[in-house]
Amino acid sequence: MLQVPFIRDNKEVVIAGLAKRHFDAKALVEQVIILDEERRALQTKLDNTLAESNALSKDIGNLYKSGKAAEANQLKEKTSVLKEASKTLSEDLSTTEEKLKNLLYQLPNVPHESVPAGKSEAENEEIFNEGNVPKLYDGAQPHWELAKKYDIIDFELGNKISGAGFPVYKGKGARLQRALIAYFLDKNTTAGYTEYQLPHLVNEASCYGTGQLPDKEGQMYHDSRDDLYLIPTAEVPGTNVFRDVLLNESELPIGITGYTPCFRREAGSYGADVRGLNRLHQFDKVEIIRVEHPDNSYNAFHGMIEHVKDILRELKLPFRILKLCGGDTGFPSAMTYDFEVFSTAQDRWLEISSVSNFETYQANRLKLRFKNSEGKNELAHTLNGSSLALPRVLAGILENYQTEKGIEIPEVLIPYTGFSIID
RNA sequence: GGAGAAUUGGCAGAGUGGUCGAAUGCGGCAGUCUUGAAAACUGUUGAGGGUCACACCUCCGGGGGUUCGAAUCCCUCAUUCUCCGCCA
């Protein structure tokens, strides 16, 4: 979340920045400032009361020691008044703090100054486009038809076992999934990311840490019995590795990568969007996460973009990069680039990666800090990106690599699959 | 699942009612020495709130209680470890 001192000192910047999201922050910001003033006033009152009471306690102790019990007892009566006062004050203080926190939770991150204003995805800027869209043979099919034809993904079976959005990968389909995961992880570790295997269920504190709560409450599967959430992305357990952590500056930057399944309720989705692999309740993803010095985070951000580009080039998939406008940028993110693969047989772009810089927004919630060169504790910047999300990459491969003989396997993947065609 | 022990600063670890935000060691930072580094020595070093800066306040796993006063006593929850049982 945003830092109150920052809001206080940059009120207009915050309001103008959030306006790029079509988020009217004026009232909220003013309330935050008022509540913060109230909070500090209460804090001061409480502190003074406690200081008085502490001083009295010290006196009482000394009086007892020197045998002046009568005087001590007199002072004791005074303390009970102070005690009452401090009790009400601290109750008031915590309700004020609670109110303030709830307001802060409602404020999304301020977009980076270069992020264009805009309301929806229609206003995203295409900033890069590469790769050739293949000319397919007559009778080329969308991936859900191909999946059936070659018996590699069984959507019906998933329906039976779980429900819509839980496909079953079979035979060469399953093997291709495993190959993609291994290939992505290898690419990431070669680029310097440390591989992690992370929990797939996380507690509430972790969801608040990365900003899924309270923003996306209804989007996650929740086990109410143990109060655990199924992760919607490895970002959650991966970034929470660094919750309540104080780093040395020399430890930065840090990069980790991990493969996890991701679980999303996707309430409210419908239509062509959900066809086949386009939108699922359970899918696989390999994620990269970075913790960076604030001075270097945008550098690192562009490094992540290049890294993902490199993978898509190796896979020889036609792709483009969108710089998201304010309205489409995720709640806790300051800047996000989306990667989309062109799915030829569907004749549409499919989002396969999203790279974001959260600046201090997550770190502030996480209490992720480093000791800077002046010896002061400073919030770090966090970033993450998919590298990559599996189902739509798979859809892209199936659709772009289909031939009359079968589906060819991109060359870089053959060492991982052990076969070069699905037929 | 049963029994016992534990949870203290970046880490390790002492501290059983006021003199404790907390010994000591390691680590970090600064300096001396050195051509440089290491070693050694000296100094410094918890976090958050608050203030122009001080003062001051809070924090010894979380929450509650006893007391004029709690790291220290009581209750409760969580977690970790050891032993036993069960088991992939």
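All values reported here derive from a predicted model rather than from experimental measurement. Every chain is numbered from 1, with letters handed out A, B, ... down the list of sequences.
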* Crowded around Lys371(A) NZ? As in, over 12 foreign heavy atoms under 6.0 Å? -> yes

* Atom-pair distance (CD on Glu204(A); P on rA78(B)), nearest Å -> 16 Å

* Write down the distance separating the C1' atoms in rU80(B) and rG64(B), rounded off to the nearest Å. => 23 Å

* **Partner set under side chain to side chain contact (heavy atoms under 4.5 Å, CB included) for Lys76(A), not counting sequence neighbours** => Ile60(A), Tyr64(A), Asn73(A)

* Structure fact -> What residues 78-97 of chain A contributes to the RNA chain B interface at heavy-atom separation below 4.0 Å is Thr79(A), Lys83(A)

* Asked: If you pin Ser53(A) and Gly61(A) to their nearest nucleotides in RNA chain B, which one's is more 5'?
  -> Gly61(A)

* With under 30° as parallel and over 60° as perpendicular, where do the rings of Tyr208(A) and Tyr105(A) fit, or are they tilted in between? -> tilted

* Structure fact -> What residues 1-13 of chain A contributes to the RNA chain B interface at heavy-atom separation below 4.0 Å is none

* **Gap in Å between the two C1' atoms, one belonging to rG28(B) and one to rA78(B), rounded** => 32 Å

* Measure the distance from CG on Asn62(A) to C1' on rG18(B) and round it to the nearest whole Å. => 8 Å

* For nucleotides rC60(B) and rC54(B), find the distance between their P atoms and express it as a whole number of Å. => 24 Å

* To do: List the steps and the verdict of salt bridge (charged side-chain N to carboxylate O under 4.0 Å, His left out) for Arg313(A) and Asp310(A).
  => CA-CA 5 Å; Arg313(A) 282 174 180 148; Asp310(A) 181 46; 5.6 Å; no

* Residue list, side chain to side chain contact (heavy atoms under 4.5 Å, CB included) with Lys87(A), at least two apart or on another chain -> Glu91(A)

* Asked: Among Glu113(A), His112(A), Glu359(A), which residue meets the side-chain contact (heavy atoms from CB on, under 4.5 Å) test with Met335(A)?
  -> His112(A)

* Asked: On a whole-Å scale, what distance lies between the C1' atoms belonging to rU76(B) and rC87(B)?
  -> 31 Å

* To do: State whether the number of non-hydrogen atoms from other residues, nucleotides or ligands found under 6.0 Å of Glu121(A) atom CD is greater than 12.
  => no

* Summarise protein proximity over nucleotides 25-31 of chain B in one line of letters, 5' to 3': B for base, S for sugar-phosphate only, - for none, counting protein heavy atoms closer than 4.0 Å. => -------

* Write down the distance between CG (Asn377(A)) and C1' (rG49(B)), rounded to a whole number of angstrom. => 14 Å

* Structure fact -> ring-ring contact (aromatic ring centres under 6.0 Å, His included) filter on Phe419(A), not counting sequence neighbours, yields none

* Asked: Hey, is CD on Glu411(A) packed in by over 12 heavy atoms from elsewhere, all under 6.0 Å?
  -> no

* Kindly indicate whether the side chain of Gln219(A), heavy atoms from C-beta on, has any atom under 4.5 Å from the side chain of Arg264(A). => no

* About how many Å separate OH of Tyr193(A) and NE2 of His307(A), when rounded to the nearest 0.5 Å? -> 5.5 Å

* Would you please enumerate the stems RNA chain B participates in, each stem being three or more consecutive Watson-Crick or G-U wobble pairs with both distances under 3.5 Å? => B:1-7 with B:78-84, B:10-12 with B:24-26, B:27-32 with B:40-45, B:46-49 with B:56-59, B:61-65 with B:73-77

Collect all protein-nucleotide pairs involving nucleotides 56-58 of chain B in which both atoms are nitrogen or oxygen and the distance is under 3.5 Å.
| from | atom 1 | to | atom 2 | distance (Å) |
| --- | --- | --- | --- | --- |
| rC57(B) | OP1 | Asn54(A) | ND2 | 3.2 |
| rC57(B) | O2' | Asp47(A) | OD1 | 2.8 |

* Asked: Mind checking what makes salt bridge (Lys or Arg N to Asp or Glu O under 4.0 Å) contact with Glu292(A), not counting sequence neighbours?
  -> Arg290(A)

* Trace of the side chain to side chain donor-acceptor pair (under 3.5 Å) decision for Gln106(A) with Gln31(A) -> CA-CA 12 Å; Gln106(A) 292 173 45; Gln31(A) 278 187 72; over 6 Å; no

* Should we say atom CD of Glu84(A) is surrounded by more than 12 heavy atoms from elsewhere, each under 6.0 Å from it? -> no

Between the protein and nucleotides 6-10 of chain B, are there any N/O to N/O pairs under 3.5 Å, and if so, what are the atom names and distances?
none

* Quantified in whole Å, what is the C1' atom distance between nucleotide rC33(B) and nucleotide rU82(B)? -> 49 Å

* Tell me which nucleotide among rG48(B), rG49(B), rC68(B) gets nearest to the side chain of Arg369(A). => rG48(B)

* Take the protein atom CG of Leu56(A) and the nucleotide atom C1' of rU67(B), then report the distance between them rounded to whole Å. => 15 Å

* To do: Among the candidates rA47(B), rC68(B), rU51(B), find the nucleotide nearest to the side-chain atoms of Arg40(A).
  => rU51(B)

* Send over the distance from Arg39(A) CZ to rG48(B) P, rounded to a whole Å. => 14 Å

* Asked: Checking salt bridge (charged side-chain N to carboxylate O under 4.0 Å, His left out) for the pair Glu38(A)/Lys99(A): CA distance, chi angles, key distance, verdict?
  -> CA-CA 11 Å; Glu38(A) 271 179 39; Lys99(A) 271 193 218 160; 5.5 Å; no

* Taking CG from Asp227(A) and P from rA78(B), how many angstroms apart are they, rounded to a whole number? -> 13 Å

* **Qualifying residue, where the test is side-chain hydrogen bond (donor to acceptor under 3.5 Å, both in side chains) with Tyr221(A) and the options are His281(A), Arg265(A), Gln282(A)** => His281(A)

* When the C1' atoms of rA12(B) and rA23(B) are considered, how many whole Å apart are they? -> 14 Å

What protein N or O atoms touch nucleotides 59-63 of chain B N or O atoms at under 3.5 angstrom, if any, and at what distances?
none

* Asked: Just how far, in rounded Å, is C1' of rC11(B) from CD of Glu251(A)?
  -> 12 Å

* How far does the C1' atom of rU7(B) sit from the matching atom of rG63(B), given to the nearest Å? -> 16 Å

* Asked: Considering residues, nucleotides and ligands other than Lys316(A), do more than 12 of their heavy atoms fall under 6.0 Å from its NZ?
  -> no

* Distance, C1' atom - from rG1(B) to rC86(B), rounded to whole angstrom -> 8 Å

* To do: Could you list all the ring-ring contact (aromatic ring centres under 6.0 Å, His included) pairs where at least one residue sits in residues 223-244 of chain A, not counting sequence neighbours?
  => His222(A)-Tyr229(A)

* Asked: Does the pair Lys376(A)/Glu378(A) count as a salt bridge with the N-to-O cut at 4.0 Å?
  -> no

* Quick one: CG on Asn48(A) to CG on Leu82(A), what's the gap to the nearest 0.5 Å? -> 11.0 Å

* Report yes if some heavy atom in the side chain of Thr79(A) is under 4.5 Å from a heavy atom in the side chain of Lys83(A); otherwise report no. => no

* Parallel, tilted or perpendicular, as decided by the 30° and 60° cut-offs, for the rings of Tyr183(A) and Tyr416(A) -> perpendicular

* Interatomic distance, Leu75(A) CG vs rG18(B) C1' [rounded to whole Å] -> 15 Å

